[in-house]
Amino acid sequence: MIKSPIRIRTLSELRSVLKEHRMAGRSIGFVPTMGALHDGHLSLVSMARAKADITVVSIFVNPTQFAPGEDLDTYPRTEEADIARLTEVGTDIVYLPSVEEMYPDGSKTDVRVADMSDLLDGIFRPHFFYGVATVVARLFVHVQPDVAVFGEKDYQQLQIIRRMVRDLGFPIDIVGGQTYRDADGLAQSSRNAYMNAAERQKANTISAALHRARTRIAIGASVSEALEEAKASISAAGFERLDYVSVVDPETLEDLPEGALPIGKVARILAAAWMGPTRLIDNMGFERA
Ligand code: PAF
């Protein structure tokens, strides 16, 4: 029988429901989201289900990770459709806290993961990773999961959360879920819905350019040459603004030197660019052969 998840909106109810599961010896798997769920999210939920007895998904559009003028007010809010999709994939609990539940009146505590939050996306969205780390730390305290799953599509976010968990000693296993792509290679994202048909058609240039650059660097091309080529093809496809294309160390997220990488070096290539009003990000891992 297909069972709808139970919806919980307050921390006190969440605590009492999860306490019973814990007392019965059940492990808790957690997937934090901002809703507008797509197949990529559902694959993360399936991973959480495979790794723990009880699956909790949170849906919370977190105001502290949006800057003034960003899309907080227009961010898609699709609770009923989200619950229907979570029912299909199988979820025990959906946590839908209010802003007051997550940020009690007069809240003054933030979490900042220094340095890593100020690179790449952090240069263009300086508030962003502070908001993410703060809300994820709060959600971890609310849910107290054994395992939490985050998409590799948001690679910088994933690495910052791993670092936060390590630094603060959260007893949580952080698992990265592979990026889910449309047939033409575009990474799935809730914001893809903002693109019109013409923009959507050109949007996969970003994944094609990253794919080509990583293949070239993996067989010995210089990082700077491959990046120049990737930048040129992304701009030629009609992306109005290219925030960055970078090849970085996968742990520290710091830029790697411009020349050819030493054999065996593991790296990550990341990009962010604007297609009309939509900011797209993508990334891929590779190793220098
Ligand atoms: O990746 C997201 O959807 C959000 O940044 C997260 C992790 C749910 C925090 O609000």
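Numbering of ligands and ligand atoms starts at 1, following listing order. Side chains are part of it too, since the values below use all heavy atoms of this structure and drop only hydrogens, waters and symmetry mates. Everything quoted here is computed from the prediction, not taken from an experiment.
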Q) What atoms of ligand 1 come within less than 4.0 Å of a heavy atom belonging to Gln157? A) 1 (O), 2 (C), 4 (C), 5 (O), 7 (C)

(Q) If the cut-off is 4.0 Å to any non-hydrogen atom of Thr33, which atoms of ligand 1 fall inside it? (A) 8 (C)

Q) For ligand 1, which atoms have a heavy atom of Val135 less than 4.0 angstrom away? A) 9 (C), 10 (O)

Q. Which value, rounded to the nearest 0.5 Å, describes the distance between Glu88 atom CD and Ser46 atom OG?
A. 10.5 Å

(Q) Taking side-chain contact (heavy atoms from CB on, under 4.5 Å) as the criterion, tell me which of Ile93, Ile83, Asp92 meets it with Pro5. (A) Ile83

(Q) For Phe140 and Phe150, take the angle between the two ring planes, folded into 0 to 90°, and tell me which bin it lands in: parallel under 30, tilted 30 to 60, perpendicular over 60. (A) perpendicular

Q. In Å, rounded to the nearest 0.5 Å, how long is the span from CG of Asp243 to CD1 of Ile281?
A. 10.5 Å

Q) Against heavy atoms of Gln65, which atoms of ligand 1 measure under 4.0 Å? A) 4 (C), 5 (O), 9 (C), 10 (O)

